[in-house]
Undergrad: 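Dropping a structure here in structure tokens format, bear with me for questions.
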2 protein chains.
Amino acid sequence: MARRTGRRPGNQGTREAILDAARAAFAERGFDAASIRAIAGTAGVDPALVHHYFGSKDQLFLAAMNSPVDPGEVLPKVLAGGADGIGERLVRTFLGVWDSPAGSAGVALLRSAVSNDWTARLLREFITTQVLRRVLDQLDVDPAELPLRGSLIATQLIGLAMMRHVVRLEPVASADPEALVAAIGPTVQRYLTGPLPT
Amino acid sequence: MARRTGRRPGNQGTREAILDAARAAFAERGFDAASIRAIAGTAGVDPALVHHYFGSKDQLFLAAMNSPVDPGEVLPKVLAGGADGIGERLVRTFLGVWDSPAGSAGVALLRSAVSNDWTARLLREFITTQVLRRVLDQLDVDPAELPLRGSLIATQLIGLAMMRHVVRLEPVASADPEALVAAIGPTVQRYLTGPLPT
DNA sequence: CGTTGAGTTCAACAGCTGATGAGTTTCGCC
DNA sequence: GGCGAAACTCATCAGCTGTTGAACTCAACG
């Protein structure tokens, strides 16, 4: 079987070029406002080719988000050190991720989740199943308390990302990362290990 | 002078109906995604009438935001009690505002600021000139430290609003307000009066 | 009465959107 | 060389967008 003849070239990076352009566009304008025509334009490609590769705008978005985001790799290092000082380590790692290439995917996800329903669901599921679940496995937090502690941390960290990378409110937008770690780390620490209201 | 003849009826509330529909639409979909046609539709009015009253979509947005938001009224009560327990009072008042009619304007502003540049500028200026300035006047915070303290508070509070009213992550989305006050109040308190990193 | 002008509607413009399907080029294999 | 298939382009569709200008309705005034 497997009669495979015909053109099978190295697919010389145009697919990756489209994904890069898509990530940049989604990060800058959000899912709804980013247009396939503009993405194809900066990738130097015909708009129809985007559909040829990815089928629909939704699937293009999913493909652009899936590749660079991988909490399974970075989270264990944060959790391995135990509960002591985990707040500061979490904030430091969090800030690092947003300044990396994966950061544009994050901005895209965040921007899109605000104006588009199904991307918001995507963000929620990412937070709950990809992040909170792993924390629960590694750290011994009371499973009954984990959702509240986790979403409290989410309010602080998503708010930090919003102000620093989306709304760009100074001086947080261009503050030294370590200053933010020192200021916000204790907050996260308290949300994770401190007392909880009844 | 003042030759005013012709029809001068009571302007029977259609203008307010348009504003209400606009606030709801902007809150639910954001500035870009909300359409004048849809707004006119739920207001039971022809789309052209919206332009007749407000001129452009931008001006309609401004008109819809201006009426219900007034930090000059609620902030003094929060600040009057002095620095003791101001964190909890701020969070309590903040949550109250978002659950009031003014909350939909807030959601609209927040949603829009993420995907639209000039509404983001609007939100930034609202935070800095309407909120932080008044805090500076009433509380004796070192003016040099106020911007950083203020924007740290903004990360926490905007993050709270995002999670509770936009992304709707549970259990924060439907948590008892007083539980959130108890959990987040100390954070705000520390950002405002606690030590600051160099 | 008739004029006036605000309230309101109709029809249409140009521009953009995601998507489709047929057509063309270009390569790898037999 | 020539066949097959992947990479890629062109033209086009229907639908939506904000905005415009002319037209119509109708209550109040002189």
Side-chain angles (χ1 to χ4, degrees), chain A residues 1-23 25-26 28-64 108 111-112 115-119, chain B residues 1-23 25-26 28-64 108 111-112 115-119:
Chain A
M1 311 308 158
R3 329 184 319 96
R4 17 183 238 91
T5 86
R7 197 190 201 182
R8 239 172 344 282
N11 187 5
Q12 57 257 41
T14 68
R15 191 191 159 96
E16 295 306 315
I18 294 176
L19 279 179
D20 284 349
R23 249 189 305 273
F26 285 138
E28 201 169 344
R29 328 250 291 111
F31 179 81
D32 290 323
S35 81
I36 290 194
R37 280 173 165 86
I39 292 172
T42 75
V45 154
D46 189 276
L49 191 60
V50 178
H51 282 92
H52 172 68
Y53 274 130
F54 300 98
S56 74
K57 194 182 181 183
D58 292 14
Q59 290 170 333
L60 170 62
F61 185 81
L62 285 176
R111 267 214 156 88
S112 304
S115 57
N116 190 281
D117 280 347
W118 76 266
T119 53
Chain B
M1 313 310 156
R3 326 186 319 96
R4 15 182 242 92
T5 85
R7 195 189 205 182
R8 237 169 352 278
N11 188 6
Q12 59 258 39
T14 66
R15 189 191 161 97
E16 296 305 315
I18 293 176
L19 279 179
D20 285 349
R23 250 189 304 274
F26 285 137
E28 201 169 343
R29 328 252 288 111
F31 179 82
D32 290 323
S35 81
I36 289 194
R37 279 172 165 85
I39 291 172
T42 75
V45 154
D46 190 276
L49 193 60
V50 179
H51 281 90
H52 172 68
Y53 275 131
F54 300 98
S56 74
K57 194 183 182 183
D58 292 15
Q59 291 170 333
L60 171 63
F61 184 82
L62 286 176
R111 268 214 156 88
S112 305
S115 57
N116 189 281
D117 281 346
W118 77 266
T119 53

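In what follows, every chain begins at residue 1, and chains take the letters A, B, ... in the order their sequences are listed. From a predicted model like this one, the values you see are computed outputs, not experimental measurements.
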Undergrad: Could you tell me how far apart H51(A) (NE2) and dA22(C) (P) are, to the nearest whole angstrom?
TA: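 Distance check: H51(A) NE2 to dA22(C) P gives 17 Å.
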Undergrad: Please give me every residue in residues 28-37 of chain A whose heavy atoms get under 4.0 Å of an atom in DNA chain C, ordered by residue number.
TA: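 The answer is A34(A), S35(A), I36(A), R37(A).
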Undergrad: Which value, rounded to the nearest 0.5 Å, describes the distance between E28(A) atom CD and R111(A) atom CZ?
TA: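 Output value for this atom pair is 7.5 Å.
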Undergrad: Assess whether side chain to side chain contact (heavy atoms under 4.5 Å, CB included) is satisfied between L62(A) and F54(A), documenting all intermediate values.
TA: CA-CA 10 Å; L62(A) 285 176; F54(A) 300 98; over 6 Å; no
Undergrad: Below the 4.0 Å mark, does dT8(C) have OP1 or OP2 next to a side-chain nitrogen or oxygen of Y53(B)?
TA: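 Indeed, a polar side-chain atom of Y53(B) lies that close.
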Undergrad: Among dA19(C), dT8(C), dG18(D), which nucleotide sits nearest the side chain of L49(B)?
TA: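 Selected nucleotide: dT8(C).
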Undergrad: Without placing hydrogens or testing angles, list every side-chain donor-acceptor pair under 3.5 Å for residues 30-48 of chain B, not counting sequence neighbours.
TA:
from: D32(B); atom 1: OD1; to: N116(B); atom 2: ND2; distance (Å): 3.0
from: S35(B); atom 1: OG; to: A38(B); atom 2: N; distance (Å): 2.9
from: T42(B); atom 1: OG1; to: I39(B); atom 2: O; distance (Å): 3.3
from: D46(B); atom 1: OD1; to: A48(B); atom 2: N; distance (Å): 2.8

Undergrad: To the nearest angstrom, how far is D46(A) atom CG from dA6(D) atom C1'?
TA: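 Rounding to the nearest Å, CG of D46(A) and C1' of dA6(D) are 16 Å apart.
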Undergrad: How many whole angstroms separate atom CZ of F54(A) from atom P of dA19(C)?
TA: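 Checked: the CZ to P distance equals 13 Å.
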Undergrad: Check the distance between dT19(D)'s C1' and D58(B)'s CG and give it to me in whole angstrom.
TA: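 For the pair D58(B) CG and dT19(D) C1', the rounded distance is 12 Å.
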Undergrad: When the nearest nucleotide of DNA chain D is assigned to V45(A) and to G55(B) on a heavy-atom basis, which residue is associated with the more 5' position?
TA: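 It is V45(A), whose closest nucleotide lies nearer the 5' terminus.
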Undergrad: Going from CZ on R15(B) to CG on D20(B), what distance comes out if it is rounded to the nearest 0.5 angstrom?
TA: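 These two atoms lie 12.0 Å from each other.
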Undergrad: Between C1' on dT8(C) and CD1 on I18(B), what's the gap in Å once rounded to a whole number?
TA: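 Computing the I18(B):CD1 to dT8(C):C1' distance gives 10 Å.
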Undergrad: Working to the nearest 0.5 angstrom, can you tell me the gap between S112(B) OG and W118(B) CH2?
TA: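 Going from the OG atom of S112(B) to the CH2 atom of W118(B) covers 8.5 Å.
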Undergrad: Check the phosphate of dC8(D) against H52(A), side-chain N and O only, distance under 4.0 Å to OP1 or OP2. Yes or no?
TA: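 False: H52(A) side-chain N/O out of range (4.0 Å or more) of dC8(D) OP1/OP2.
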Undergrad: Select one nucleotide: of dC10(C), dC8(D), dT19(D), the one nearest the side-chain heavy atoms of K57(B).
TA: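 Of the candidates, dT19(D) comes closest.
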Undergrad: Report the end-to-end axis angle of the helix from dC1(C)-dG30(D) to dC30(C)-dG1(D); each axis comes from five terminal pairs, and the value is rounded to 10°.
TA: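 Roughly 10° between the end axes, to the nearest 10°.
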Undergrad: Once rounded to the nearest 0.5 Å, what's the spacing between atom CZ of F26(B) and atom CG of L60(B)?
TA: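 Result: 4.5 Å between the selected atoms.
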Undergrad: Side chain to side chain contact (heavy atoms under 4.5 Å, CB included), that's the test. Do L19(A) and E16(A) meet it? Break it down for me.
TA: CA-CA 5 Å; L19(A) 279 179; E16(A) 295 306 315; 4.1 Å; yes
Undergrad: dA6(C) P sits how many Å from R15(B) CZ, rounded?
TA: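 Atom-to-atom, R15(B) to dA6(C), this comes out as 14 Å.
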